[in-house]
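In what follows, residues are counted from 1 in the order of the sequence shown. Predicted model only: the values in this text are computed from it and were never measured.
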Amino acid sequence: MTSFHLGVGAIICSSDQQLFFVQQKDETYPLPQWQLALSVWGGAVEAEDESPEIALYRELQEELRWQPEQPPVFIGQFKIKSIQEFELCLFKIILPKEELEQLAQQPVYEGYGRLLDAESLQKYSWVWDLGTVIYQEIIEKGPKG
């Protein structure tokens with residue numbers, strides 16, 4: 001029997017959705033095929049988390065020591081089929097460009113932080129093969145999506 005895993009993640013972007021602040025896994029990431037791959041900010045929804053949004057705030061605190069002033073925008077819950085199957089609650093955090101650039105200069109406590117444009121996002125591999133979901137749900141739909 002396989003256990004159900006629920007993950008939560010957010011992509012942080014500028015209000016015009018031309019710049020994206022994403023996580024890049026480091027060389028110590030436990031799955032070698034995704035070392036240095038891009039990821040959303042987030043992780044597992046723990047039993048003590050009251051909701052996916054609460055889990056996201058906890059993960060942002062762990063990874064960035066940062067909390068958004070405005071609530072994240074819920075994009076959807078997606079079934080991810082990679083080396084293991086799980087569901088991901090995906091959020092988008094929209095910031096003014098100047099604020100996003102300031103955040104990207106702050107220390108990151110898990111992996112690396114990368115500030116990239118939409119075209120550059122497509123050039124990297126993504127953990128758990130998330131690139132397709134990110135491209136379809138955020139980049140293709142643009143600021144109105």
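Taking F20 as the reference, nothing meets the ring-ring contact (aromatic ring centres under 6.0 Å, His included) condition, with sequence neighbours excluded.
Interatomic distance, SG of C13 versus CG of L19, reported as 9.5 Å (0.5 Å rounding). Here the NZ-CD distance, from K81 to E87, works out to 10.0 Å after rounding to the nearest 0.5 Å. Taking CG from L115 and OG from S14, the interatomic distance works out to 8.5 Å, rounded to the nearest 0.5 Å. Expressed to the nearest 0.5 Å, how far CH2 of W128 lies from CG of L130 amounts to 9.0 Å. Here the CD atom belonging to E110 is positioned 9.0 Å from the CG atom belonging to D26, to the nearest 0.5 angstrom. Distance check: I12 CD1 to E99 CD gives 10.5 Å after rounding to the nearest 0.5 Å.
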Could you give the side-chain donor-acceptor pairs of residues 47-64 under 3.5 Å, partners two or more places apart or in another chain?
from : atom 1 : to  : atom 2 : distance (Å)
D49  : OD1    : R58 : NE     : 3.0
D49  : OD2    : E46 : N      : 2.7
D49  : OD2    : R58 : NE     : 3.4
D49  : OD2    : R58 : NH2    : 2.8
S51  : OG     : E53 : N      : 3.4
S51  : OG     : I54 : N      : 3.2
R58  : NH1    : E62 : OE2    : 3.2
R58  : NH2    : A44 : O      : 2.9
Q61  : OE1    : Q67 : NE2    : 3.3
E63  : OE1    : G42 : N      : 3.0

TODO: Take Q17 and K92 through the test side chain to side chain donor-acceptor pair (under 3.5 Å) and record every step on the way to the result.
DONE: CA-CA 10 Å; Q17 290 191 207; K92 176 170 52 175; 2.8 Å; yes
- [ ] Give the C-alpha distance, both sets of side-chain angles, the deciding distance and a yes or no for side chain to side chain contact (heavy atoms under 4.5 Å, CB included) between V133 and L88.
- [x] CA-CA 10 Å; V133 171; L88 176 71; 5.6 Å; no
TODO: Decide side chain to side chain contact (heavy atoms under 4.5 Å, CB included) for L38 and L116; before the verdict, give the C-alpha distance in whole Å, the side-chain angles of both, and the deciding distance to 0.1 Å.
DONE: CA-CA 11 Å; L38 297 184; L116 301 169; 3.9 Å; yes
- [ ] Go through the steps for V22 and V40 under the test side chain to side chain contact (heavy atoms under 4.5 Å, CB included), then give the verdict.
- [x] CA-CA 6 Å; V22 296; V40 292; over 6 Å; no
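When every heavy atom of G131 is checked against every heavy atom of W126, the shortest pair comes out as N-CB, 3.3 Å. The two residues I93 and P68 make their nearest non-hydrogen contact at CG2-CB, 3.9 Å.
Ring planes of H5 and F86: perpendicular class, angle over 60° (limits at 30 and 60°). In this pair, W41 and F21 present their aromatic rings tilted. The plane angle is within the 30 to 60° band.
Judged purely by distance below 3.5 Å, without hydrogens or angles, the side chains of Q35 and E27 never pair a donor atom with an acceptor atom.
You'll find the side chain of C89 reaches within 4.5 Å of the side chain of L6, heavy atoms only. In this structure, the side chains of F78 and L90 come closer than 4.5 Å at one or more pairs of heavy atoms.
Counting Ile, Leu, Val, Met, Phe, Trp and Tyr side chains that sit under 4.5 Å apart, directly or through other members, Y112 shares a hydrophobic cluster with L36.
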